[in-house]
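Numbered from 1 within each chain, the chains take letters A, B, ... in sequence-line order. Computed from heavy atoms alone, side chains included, the values below leave out hydrogens, waters and symmetry copies.
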Amino acid sequence: MAVTQSTRPASGTRDFLADDIRRREHVIGIVRDVYERYGFEPLETPAFENIETLLGKYGEEGNKLIFKILKRGEHEHTGEADLALRYDLTVPLARVVAQYQNELPRFFKRYQIQPVWRADRPARGRFREFYQCDVDVIGTTAPTVEAEILGAVSDVLLRLGFEDFSVRLNHRLVLSGLLNAAGVWASQQNDALVALDKLDKVGIEGVANEFRARGIDPAATERCLASFHQPESERPEDTLQRLERTLPQDSSVMNLREIVALVGDTPAAGRVRIDLSLARGLSYYTGAIMEVSVAQLAGSLGGGGRYDGLVGMFLGRDIPACGFSFGLERIIVVMTERSMIPDAVARAGIDVLVTIWNHETRDEALRLARELRRSGLRVDVYPEADRLAKQFKYASARNAPFVAILGDDERARGEVGLKDLRSGEQASVRRSELGATIRSRLQQTDGGR
RNA sequence: GUGGGUGUAGCUCAGGGGUAGAGCGCCGGACUGUGGCUCCGGAAGUCGCGGGUUCGAAACCCGUCACCCACCCCA
């Protein structure tokens, strides 16, 4: 045998076979439909960007995870990079907004469903190439935007069949307000947030240890833990009242209050919890931040927030913006485990296989296939005049619900043998009515396509 | 990046110093007008890779790589 190489796709990437693609497109179709109902318009941007476009937008950790593309030609050996694969869909959007500022409507609502790349270590529900489904609204600081986005996101999950998701909401300025009030120095606030983000995993004690390890003042630590500690299922109203006592007249607390109130009139009603330990790693967030999760998955299904300064990094003049991003693979991981994607979605390949009776009647089979295709069916023709048993076996393997047989007897009567592989029933049908017969039988069982 | 686990047929895995195995899948046949069920037959593996110990290594030791799980970080 010849020398073989690994045929596995590169680590953290996947091949998608037909069944996978149909499953993914089923989910993407619902996401797109819901986003469009909320008035978002599609956008696509290139897989790679000039490297300066991406660097410095995601924080230190993010910079390291950007896939960089070496300069081509004689510069290759220097290791210098001038391009990079996009790391998310938000920064390319900010670039597009800056580039086309005069052509876009006053409020620009766009959705974007495309792959992004991260030089991360792969894990469950985490890939190096994965799809994000983003929605963003550019051009206003109004809290109706946060409410509509959370509404759209919840609508997507409900339409997909999720009953048990929860929305966690927080605010970058509330976080820094609380840390300031507790007396944590500005230079230590990032460290403090990283530690607080683990609150739900390591508990109060764990966070206190982290604070100590990072050299944060013990008195400040105590005040911090007091204001960040929350009962498991604290209602938003109670969290807000607590925040108002610690940070009276604070505009970011008022902003959260408005968002919580407005969300009550969207499909996200009743699912929002203010989670003070939610920090979110990306450095471009400036206001409200949010995540959506289900208990079953360690990470989140998606996250987002307000980033009023990002467009300004391209334009020199700030334009407010807020958005949310779903991880398609994470949704699919959970939906697959819970069998939430109907089997019929994955299996729906062809409607009918036309068999070849013998070498002399191949043309007859091709003509029949053409007739059936004209009637709107998805038709495969068996390529060789094999034994019928093999042709049937192939039809089964392809999950074809019907097999058409152009036998001598049938042909003599102007009919075609039609076998329903699902029930095993076989009938002889007038050739002119074959397409209509198959379509009506499919409709009965599938509710149409 | 840190810790742990696992690498044996296309897939899932058994075998723990003495002849390379099972189930599923695949191919052929029983069944020259019919898939699934059944039965019969067959193909397919330098046991991840390199070195060491041994008369003898898939097995034991060292190294290395890959994958999985947890942590970190994230969608």
Side-chain N or O of K390(A) closer than 4.0 Å to phosphate OP1/OP2 of G28(B): yes
From G33(B), U34(B), A75(B), nucleotide with atom closest to S300(A) side chain: A75(B)
Side chain of K393(A) (C-beta onward), nearest among G36(B), G33(B), A75(B): G36(B)
Candidate nucleotides G33(B), C31(B), C74(B), ranked by approach to the side chain of I405(A) - the nearest: G33(B)
Cation over ring face, R271(A) and F165(A), 6.0 Å, 45°: yes
Sugar-phosphate only, base, or nothing, as touched by G424(A) at under 4.0 Å among non-hydrogen atoms: base
Touch class at under 4.0 angstrom, heavy-atom based, for D409(A) against every strand present: base
Contact under 4.0 Å: R121(A) side-chain N or O vs C71(B) OP1/OP2: no
Other residues, nucleotides, ligands: >12 heavy atoms within 6.0 Å of N190(A) CG: no
Atom-to-atom span, CG of D386(A) to P of G33(B) - whole angstrom: 14 Å
R280(A) vs A75(B): side-chain N/O to OP1/OP2 distance below 4.0 Å: yes
Nearest to side-chain heavy atoms of R387(A), which nucleotide of C31(B), U34(B), A75(B): C31(B)
Euclidean distance for C1', A58(B) against U2(B) (whole angstrom): 31 Å
Side chain of F127(A) - closest among A75(B), U34(B), G33(B): A75(B)
First encountered from the 5' end of RNA chain B, between F392(A) and D120(A): F392(A)
Whether over 12 other heavy atoms sit under 6.0 Å from K68(A) NZ: yes
Sugar-phosphate, base or nothing in reach of F326(A), heavy atoms under 4.0 Å: nothing
Syn/anti state for G63(B) [syn: chi within 90° of 0]: anti
Y87(A) and Y58(A) aromatic ring geometry - parallel, tilted or perpendicular at 30°/60° bounds: tilted
Side chain R330(A) and base C74(B) donor-acceptor under 3.5 Å: yes
Ring centre gap for Y284(A) and Y307(A) strictly below 6.0 Å: yes
Along RNA chain B (nearest heavy atom to each residue), the more 5'-positioned of A123(A) and K419(A): K419(A)
Quiz item: Q426(A) side-chain donor-acceptor pair to G35(B) base, under 3.5 Å: no
Touch class at under 4.0 angstrom, heavy-atom based, for E410(A) against every strand present: base
Pairwise side-chain contact, F130(A) with R330(A), heavy-atom cut-off 4.5 Å (strictly under): no
Sugar-phosphate only, base, or nothing, as touched by G417(A) at under 4.0 Å among non-hydrogen atoms: nothing
Rounded distance (Å) that lies between atom C1' of A75(B) and atom OH of Y87(A): 10 Å
Whole-Å distance separating the CD atom of Q132(A) from the C1' atom of C74(B): 10 Å
Integer-rounded Å distance: A75(B) P and I66(A) CD1: 13 Å
Atom pair distance, as rounded to whole Å: CG in L193(A) and C1' in C74(B): 16 Å
P spacing across the pair A57(B) / G52(B), given as an integer number of angstrom: 11 Å
Presence of S11(A) side-chain N/O under 4.0 Å of A66(B) phosphate oxygens OP1/OP2: no
Inter-nucleotide C1' distance (G7(B), C47(B)), Å rounded: 9 Å
Sugar-phosphate only, base, or nothing, as touched by A389(A) at under 4.0 Å among non-hydrogen atoms: sugar-phosphate
Within 45° cone and under 6.0 Å: R14(A) NZ/CZ vs F127(A) ring: yes
